Amino acid sequence: MFPARASDPPSVRVLSPAQTARHLRAHFKRHNRGVATLALGTFCAALALWLLLYGVCCWLIVLGLAAIDRSDLGIPRGFGFVFTVAALCAIGYAWIDRRLTPNELPRDDKRPAEVVSDFLLAIPRMMLAVGGTLAAWQRLSDADLEHAATFLHRLAEATRLPMSRVRLEIPDPAAAKRILFALQITQVIDAHRDGQEFWLKLNPLRPAALRLARGSYADA
């Protein structure tokens, strides 16, 4: 064996689809932990704001009773139940409002009623955001992970693939939809439009474990 010269290119270990599938499983587990942490944090923040709002309402009730010289300055019985029902109604109204107006981009020409509505529905929308965050949870089977790994290797070889070719790589349409959504939402692949076709390519900022060729950015 002759010693390697300084001019010889370094050897690069290319990952196999099976290894890539294992890295994908770990990648999705990290993603799911982040989703769970964000959802839990949002829920705790919304719950704290509900409790704060409840305390403010109780204070206003006591202040109002004191202003009219009422001798019984305690919180009326059943106020907690009324507050809970009102909170549930507000969450339901926020859900209906979101369904009727899916475009949540901010507008500069809001009417006063819309500004008041945004203020009143801030906490209910935080509660709804918990469900939206959990919708990003990824549940891929072992077969899906194998298809995803094989697709990533095919994408690395071709540099980019048209969206219409996905059905050739992943015949099951439901599996193809799950895999593409999971890979895009976790920033493993990117989609861009070129002419009349959408193209898929590897995201150059994806985790280092999914670069397929360790120590090399040639597959980016």
Side-chain angles (χ1 to χ4, degrees), residues 24-142 144-145 148 173-188 191 207:
L24 277 175
R25 181 180 288 106
H27 176 63
F28 289 137
K29 285 183 178 179
R30 289 192 297 270
H31 168 78
N32 289 338
R33 284 196 297 268
V35 168
T37 301
L38 181 58
L40 181 60
T42 304
F43 177 78
C44 291
L47 185 60
L49 289 175
W50 280 123
L51 293 176
L52 178 62
L53 181 60
Y54 179 80
V56 170
C57 291
C58 291
W59 177 76
L60 290 176
I61 290 174
V62 172
L63 189 64
L65 293 176
I68 60 176
D69 295 330
R70 288 282 299 271
S71 58
D72 50 338
L73 297 181
I75 303 301
R77 184 175 301 175
F79 174 73
F81 175 77
V82 174
F83 182 86
T84 302
V85 172
L88 293 176
C89 291
I91 294 174
Y93 179 80
W95 180 81
I96 295 174
D97 180 70
R98 189 175 65 177
R99 298 282 294 184
L100 295 179
T101 56
N103 186 8
E104 297 182 357
L105 293 177
R107 294 184 292 109
D108 297 331
D109 55 344
K110 284 189 175 183
R111 295 172 296 179
E114 293 177 330
V115 176
V116 174
S117 176
D118 289 341
F119 178 76
L120 294 177
L121 297 179
I123 304 178
R125 284 171 177 166
M126 285 186 65
M127 297 295 293
L128 295 177
V130 175
T133 302
L134 291 176
W137 188 280
Q138 297 305 311
R139 304 177 184 85
L140 294 184
S141 64
D142 292 340
D144 289 341
L145 290 173
K177 183 178 180 180
R178 288 194 304 271
I179 292 170
L180 287 183
F181 178 75
L183 294 177
Q184 288 187 68
I185 200 172
T186 58
Q187 300 181 341
V188 178

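None of these values were measured; they are calculated from a predicted model. Reckoned from all heavy atoms, side chains included, excluding hydrogens, waters and symmetry mates.
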Atom of L134, atom of V35 and distance for their closest heavy-atom approach | CA-CG1, 4.0 Å
Within a strict 4.5 Å, meaning less than it, do heavy atoms of the R25 and L140 side chains meet?
-> no
Audit row: L49, L53, side chain to side chain contact (heavy atoms under 4.5 Å, CB included) steps and yes/no = CA-CA 6 Å; L49 289 175; L53 181 60; over 6 Å; no
Rounded to the nearest 0.5 Å, the CG atom of L52 sits from the CG atom of L47 at a distance of 11.5 Å
Starting at CZ of F28, measure out to CG of L183 and round the result to the nearest 0.5 Å.
-> 5.0 Å
What's the spacing between Q138 CD and T186 OG1 if we round to 0.5 Å?
-> 6.5 Å
So does F43 have more than 12 non-hydrogen atoms from other groups sitting under 6.0 Å from CZ?
-> no
By side-chain contact (heavy atoms from CB on, under 4.5 Å), which residues pair with R33, not counting sequence neighbours?
-> K29, R30
Shortest non-hydrogen contact between A135 and F181, atoms and distance = O-CE2, 4.4 Å
Between the side chain of H31 and the main-chain N/O of A136, is any donor-acceptor distance below 3.5 Å?
-> yes
Would you list the pairs meeting side-chain hydrogen bond (donor to acceptor under 3.5 Å, both in side chains) in which at least one residue belongs to residues 173-184, sequence neighbours left out?
-> D144-R178
Nearest 0.5 Å, what's the CG-CZ distance between L128 and R98?
-> 5.0 Å
What closest approach, in Å, do A46 and M126 show between heavy atoms, and which atom pair accounts for it?
-> N-CE, 3.8 Å
Output a table of donor-acceptor pairs, distance under 3.5 Å, between side-chain atoms of residues 82-93 and any protein atom two or more places apart or on a different chain; print 'none' if there are none.
| unit_1 | atom_1 | unit_2 | atom_2 | d |
| --- | --- | --- | --- | --- |
| T84 | OG1 | G80 | O | 2.9 |

From CG (L121) to CE (M127), nearest 0.5 Å = 13.5 Å
